[in-house]
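Because the structure is predicted, anything quoted here is derived from the model rather than measured. Note: hydrogens, waters and symmetry copies are ignored here, and every other heavy atom, side chains too, is used.
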Number of protein chains: 2
Amino acid sequence: MLRTARNTASAVADGEARLPIDTILVGDCIDHMNALPAGSVDLIFADPPYNLQLAEGLTRPDQSKVDAVDDDWDKFESFAHYDDFTRRWLKAARRLLKPDGAIWVIGSYHNIFRVGTALQDLDYWMLNDIVWRKANPMPNFRGTRFTNAHETLIWAARSQKSRVTFNYEAMKLSNDDTQMRSDWLFPICTGSERLKDESDGKVHPTQKPEALLFRILNATTKPGDVVLDPFFGTGTTGAVARKLGRHFIGIEREDAYVAAALKRLAAIKPVRADALETTVPKRAAPRVPFGSLIEQGLIAAGTEIYDERRRHSALVRADGSVASGPFSGSIHRVGALVQGAEACNGWTFWHFEHEGLLRPIDALRADIRAQMQLLSA
Amino acid sequence: MLRTARNTASAVADGEARLPIDTILVGDCIDHMNALPAGSVDLIFADPPYNLQLAEGLTRPDQSKVDAVDDDWDKFESFAHYDDFTRRWLKAARRLLKPDGAIWVIGSYHNIFRVGTALQDLDYWMLNDIVWRKANPMPNFRGTRFTNAHETLIWAARSQKSRVTFNYEAMKLSNDDTQMRSDWLFPICTGSERLKDESDGKVHPTQKPEALLFRILNATTKPGDVVLDPFFGTGTTGAVARKLGRHFIGIEREDAYVAAALKRLAAIKPVRADALETTVPKRAAPRVPFGSLIEQGLIAAGTEIYDERRRHSALVRADGSVASGPFSGSIHRVGALVQGAEACNGWTFWHFEHEGLLRPIDALRADIRAQMQLLSA
DNA sequence: GGTATAGGTGAATCCTCGC
DNA sequence: AGCGAGGATTCACCTATAC
């Protein structure tokens with residue numbers, strides 16, 4: 001029997017009539033996932049039990065006891081049991097994903113290799129492994145190993161042919177205009193962000209920082225997407241999803257975590273809608289054929305166009321093709337041919353003369369797109 | 001039939017009468033390992049094929065072709081075949097290790113999860129996973145994923161009860177007196193260190209940097225130890241072992257690699273024991289991209305920011321971009337656009353309001369850096 | 001002889017749409 | 001489904017050449 005805790009009046013969209021959006025489902029994650037409709041979820045974030053094999057009673061050099069993860073939910077009899085559990089929840093998760101859906105799983109060296117192998121065996125398609133470098137990891141108190149200063153995340157598509165969401169431009173521009181790398185630096189979750197119980201202890205032993213989820217959801221979901229977290233804990237995924245205008249479905253077994261998550265989620269304020277807007281990336285911008293530049297008089301048939309260094313030139317013809325020596329065809333084809341290259345982006349390769357300077361013809365396309373924007377507004 | 005290439009007159013120690021020390025064994029690594037005496041090796045370093053499964057023909061944005069790893073030795077029919085190969089060589093390797101011996105294996109997300117699972121299944125005992133962060137990785141040319149900027153190493157003991165060598169003090173000393181962490185930063189192998197053939201091409205497609213092996217051997221072997229490398233390639237492990245006064249046994253199948261390794265090893269001069277200390281680069285201030293200020297809650301999405309004289313303003317958006325009138329993009333890009341300038345340092349140009357006063361957003365970056373410094377101290 | 005510019009390159013599972 | 005065409009995409013190094 002499944003119990004459902006609903007924390008908000010949920011706006012249920014068409015076609016998602018049975019999807020318990022912005023809700024925590026209380027109980028076993030495999031049972032709950034199997035009861036949800038197939039192909040209904042955009043992204044899954046999972047922070048499964050790590051199967052830590054800790055010896056009893058780790059103490060710090062000052063003899064104080066380390067509050068280790070020793071909860072029952074992290075206990076498995078063997079790798080075989082852990083693998084069985086892992087494969088069952090990953091299989092249930094895959095059924096829930098839309099064809100272009102993706103999954104994130106976080107883990108440590110105790111379990112991430114089992115998870116990665118299972119993902120590959122279940123025909124997920126690996127996209128990246130990401131390293132969360134902890135700014136403030138727990139030191140290795142015994143001085144017997146390297147400080148365990150990172151955790152590993154796997155980002156995988158539902159299948160090899162899935163065309164997953166990746167907000168490349170957002171990642172790049174938020175990273176001082178260079179590509180976001182696979183190694184991320186964040187502090188662990190401490191201070192006021194860390195949920196405390198009545199006796200001021202941690203509510204959850206492995207609460208993840210919101211910054212981590214912020215980057216994940218920003219990078220691999222769109223506003224309005226549905227994000228499922230089968231190991232919801234105290235609801236970090238839900239909290240960030242709400243802030244970012246995404247929907248969540250949480251599944252959690254422990255009542256104490258559910259209670260803490262509900263309280264936390266009730267206090268979340270979504271960010272302003274206009275702060276969720278993103279720059280339209282070039283690849284999502286409407287297609288503008290070169291011919292329409294000529295039709296609209298932005299460039300005249302008979303004009304000569306050049307590459308940046310004037311090593312090549314071509315003649316713009318009335319039918320939207322260009323000609324250069326023995327070659328003629330599209331701006332792309334001719335750009336490739338004159339260079340002896342396989343391919344070429346004619347929009348950035350070719351330039352026209354304007355007040356003695358060369359400007360890429362892509363600037364004219366941008367003018368047309370701006371004009372289209374105005375007209376449709 | 002096994003062939004043996006011996007590059008030096010080897011000093012054979014007592015009890016190691018049959019151990020081909022400081023030698024390259026030419027041929028299949030599993031055959032060779034099975035022919036060596038059990039329990040005779042202190043450490044194994046292995047850089048096995050990664051099973052990359054690359055598609056045809058990746059080009060850079062400038063249309064130049066990427067010289068991919070397409071060697072036959074990296075081709076496997078399926079994960080099952082790769083697993084079978086992995087388990088066979090790891091089993092042979094384990095037989096060779098002394099009771100307190102250990103192994104290092106390096107890989108990428110294509111193979112490292114298979115390797116890690118196999119290690120655990122074969123009763124190796126995992127000690128750390130280590131992340132080699134590449135200072136200069138190849139970018140993601142298509143803008144479809146995060147830059148694959150690291151590789152993963154696993155350090156594992158022969159068994160749970162092995163008492164492995166770990167030179168904790170040496171690591172701490174060489175790391176500004178703080179514990180060495182599990183994330184290591186090194187450049188990839190380029191320049192004069194990279195072995196070139198007659199036509200100036202690379203001899204081996206995946207030559208590892210000596211700095212990586214330096215740290216590994218410094219951390220987990222003692223002078224005089226025997227280090228086996230079953231995928232010897234052009235002999236980085238052997239070169240560093242000799243420099244550090246350790247013995248090596250290399251196994252390699254490809255004659256071209258063996259020839260290059262022999263030539264390389266012949267030129268190695270072991271350094272004096274007292275000169276083994278490595279110089280440690282000063283830790284640079286961590287780069288803090290604007291997006292991480294939002295992720296970490298130092299500035300909220302939806303906040304307005306201004307230039308010093310409030311002539312311009314912009315909206316901070318959740319994805320790390322800012323928007324001002326018709327412009328949106330990075331803090332730098334939009335700073336330039338609103339001024340009509342070519343470039344702009346957004347960190348000093350944009351300000352936020354704090355108790356009625358404008359403070360540059362650069363102050364928030366300084367806060368994050370100070371916080372990270374504190375946390376890691 | 002330094003300095004500026006140009007060119008090359010690295011373990012990479014690297015596109016999308018319409019016919 | 002496969003195919004062809006449009007057109008999107010790069011960072012930190014290194015070396016060589018030109019002044």
Side-chain angles (χ1 to χ4, degrees), chain A residues 100 120 124-129 155-157 160-161 163-164 166 168-169 172 175-182 281-291 309 320 329-336 341-350 361-362 365, chain B residues 47-71 73-76 79 106-112 132 134-152 185-194 196 200-202 204-209 231 233:
Chain A
D100 291 335
Q120 291 176 317
Y124 285 92
W125 187 247
M126 234 167 248
L127 298 168
N128 275 119
D129 59 335
W155 176 39
Q160 184 173 2
K161 60 178 196 293
R163 292 172 314 180
V164 303
F166 180 54
Y168 173 77
E169 289 78 11
K172 182 169 174 175
N175 191 39
D176 288 354
D177 285 326
T178 65
Q179 289 190 342
M180 188 70 82
R181 298 168 39 116
S182 55
K282 232 176 169 185
R283 49 188 123 206
R287 286 284 157 91
V288 176
F290 180 65
R309 302 194 190 171
S330 72
I331 49 171
H332 313 295
R333 205 67 228 116
V334 173
E342 288 275 316
C344 167
N345 182 344
W347 289 109
T348 50
F349 179 74
W350 294 112
I361 57 174
D362 204 21
R365 183 172 62 161
Chain B
D47 182 8
Y50 286 11
N51 187 24
L52 286 183
Q53 310 163 62
L54 301 179
E56 290 290 300
L58 178 66
T59 54
R60 299 187 180 82
D62 67 2
Q63 303 300 331
S64 63
K65 282 175 77 174
V66 174
D67 184 14
V69 178
D70 56 358
D71 306 74
W73 51 252
D74 198 45
K75 300 229 189 303
F76 295 84
F79 280 129
I106 184 168
S108 66
Y109 67 84
H110 309 83
N111 72 321
I112 199 66
W132 167 28
K134 301 182 184 184
N136 47 347
M138 192 191 295
N140 182 289
F141 295 120
R142 307 304 287 267
T144 54
R145 303 183 180 186
F146 298 98
T147 306
N148 200 350
H150 73 277
E151 294 189 22
T152 302
L185 180 66
F186 293 113
I188 60 176
C189 183
T190 56
S192 60
E193 190 188 323
R194 187 88 193 212
K196 304 278 167 50
D200 218 38
K202 47 190 176 185
H204 193 285
T206 69
Q207 186 183 340
K208 296 293 177 289
F231 305 97

Checklist entry - Paired with dC14(C): which nucleotide, if any, by Watson-Crick or G-U wobble criteria at under 3.5 Å for both distances? => result none

Checklist outcome for this item: Gln53(B) CD to dA11(C) P, in whole Å, measures 18 Å

Next on the checklist: Return whichever of Arg163(A) or Thr144(B) has its heavy-atom-nearest nucleotide of DNA chain C closer to the 5' end.
Outcome noted: Thr144(B)

Checklist entry - If we ignore angles and hydrogens, is there a donor and acceptor under 3.5 Å between the side chains of Arg194(B) and Thr190(B)? => result no

Checklist entry - Is there a Watson-Crick or G-U wobble partner for dA16(D) with both distances under 3.5 Å, and if so, which one is it? => result dT5(C)

Checklist entry - Between Lys75(B) and Trp73(B), is NZ or CZ placed under 6.0 angstrom from the six-membered ring centre and within 45° of the ring axis? => result no

Checklist entry - Per the atom types in the model, does the base of dA11(C) pair as donor or acceptor with the side chain of Lys134(B) at under 3.5 Å? => result no

Next on the checklist: Does dG10(C) have its OP1 or OP2 closer than 4.0 Å to a side-chain nitrogen or oxygen of Lys202(B)?
Outcome noted: yes

Checklist entry - Is there side-chain contact between Asn148(B) and Arg181(A), with at least one heavy-atom pair below 4.5 Å? => result no

Checklist outcome for this item: From CD of Glu342(A) across to P of dG6(D) the rounded distance in Å is 15 Å

Next on the checklist: Between P on dG6(D) and CZ on Phe290(A), what's the gap in Å once rounded to a whole number?
Outcome noted: 13 Å

Checklist entry - Should dC19(C) form a Watson-Crick or G-U wobble pair with both distances under 3.5 Å, which nucleotide is its partner? => result dG2(D)

Item to check | Sugar-phosphate, base or nothing in reach of Thr348(A), heavy atoms under 4.0 Å | outcome: nothing

Item to check | Side chains of Gln179(A) and Tyr168(A), donor plus acceptor under 3.5 Å | outcome: yes

Checklist entry - Can Ser108(B) and His110(B) be counted as having a side-chain donor-acceptor contact under 3.5 angstrom? => result yes

Checklist entry - Say you pick atom C1' in dA16(D) and the same atom in dG1(C); how far apart are they, in whole Å? => result 16 Å

Next on the checklist: Counting the atoms with a prime plus P, OP1 and OP2 as sugar-phosphate, which does Pro209(B) contact under 4.0 Å by heavy atoms, base, sugar-phosphate, or nothing?
Outcome noted: nothing

Checklist entry - Nearest to the side chain of Asp67(B) - dG6(D), dC14(C), dG10(C)? => result dG10(C)

Checklist entry - Is the distance from OP1 or OP2 of dC14(C) to the nearest side-chain N or O of Arg283(A) less than 4.0 Å? => result no

Checklist entry - Starting at NZ of Lys161(A) and ending at C1' of dT16(C), how long is that distance when rounded to a whole Å? => result 16 Å

Item to check | Nearest-Å distance for atom pair CZ/C1', residues Arg194(B) and dG10(C) | outcome: 7 Å

Item to check | Touch class at under 4.0 angstrom, heavy-atom based, for Asn175(A) against every strand present | outcome: nothing

Next on the checklist: Tell me the interatomic distance from His110(B), atom NE2, to dC14(C), atom C1', rounded to whole angstroms.
Outcome noted: 10 Å

Checklist outcome for this item: As its Watson-Crick or G-U partner within any shown strand, both distances under 3.5 Å, dG7(D) has none

Item to check | Trp155(A)-Phe146(B) aromatic ring centre distance below 6.0 Å | outcome: yes

Item to check | His332(A) side-chain N/O to dG6(D) phosphate OP1/OP2 under 4.0 Å | outcome: no

Checklist entry - Does Lys208(B) come within less than 4.0 Å of Asp47(B), counting only side-chain N to carboxylate O? => result yes

Checklist entry - Across the strands shown, which category fits Glu56(B) at heavy-atom distances under 4.0 angstrom: base, sugar-phosphate, nothing? => result nothing

Next on the checklist: Using a heavy-atom cut-off of 4.0 Å across all strands, would you classify Cys344(A) as base, sugar-phosphate, or nothing?
Outcome noted: base

Item to check | Closest non-hydrogen atom pair, Phe141(B) against Pro61(B) | outcome: CD2-CD, 3.6 Å

Item to check | Whole-angstrom distance between dT9(D) and dG10(C), as gauged at atom P | outcome: 24 Å

Checklist entry - Does Arg163(A) offer a backbone N or O that forms a donor-acceptor pair with the side chain of Asp100(A) under 3.5 Å? => result yes

Next on the checklist: Both Lys65(B) and Phe79(B) contact DNA chain C. Which one's nearest nucleotide lies toward the 5' end?
Outcome noted: Lys65(B)

Item to check | Spacing of the C1' atoms in dT9(C) and dT10(D) (rounded, Å) | outcome: 11 Å

Checklist entry - For Arg365(A) and dG7(D), what is the distance between atoms CZ and P respectively, to the nearest whole Å? => result 6 Å

Checklist entry - Where the side chain of Leu52(B) is concerned, which of dC17(C), dA12(C), dA11(C) is the nearest nucleotide? => result dA11(C)

Item to check | Interatomic distance, Leu127(A) CG vs dA12(C) P [rounded to whole Å] | outcome: 17 Å

Next on the checklist: Across nucleotides 10-19 of chain D, 5' to 3', mark each nucleotide with B, S or - according to how protein heavy atoms within less than 4.0 Å reach it.
Outcome noted: BBS-S-----

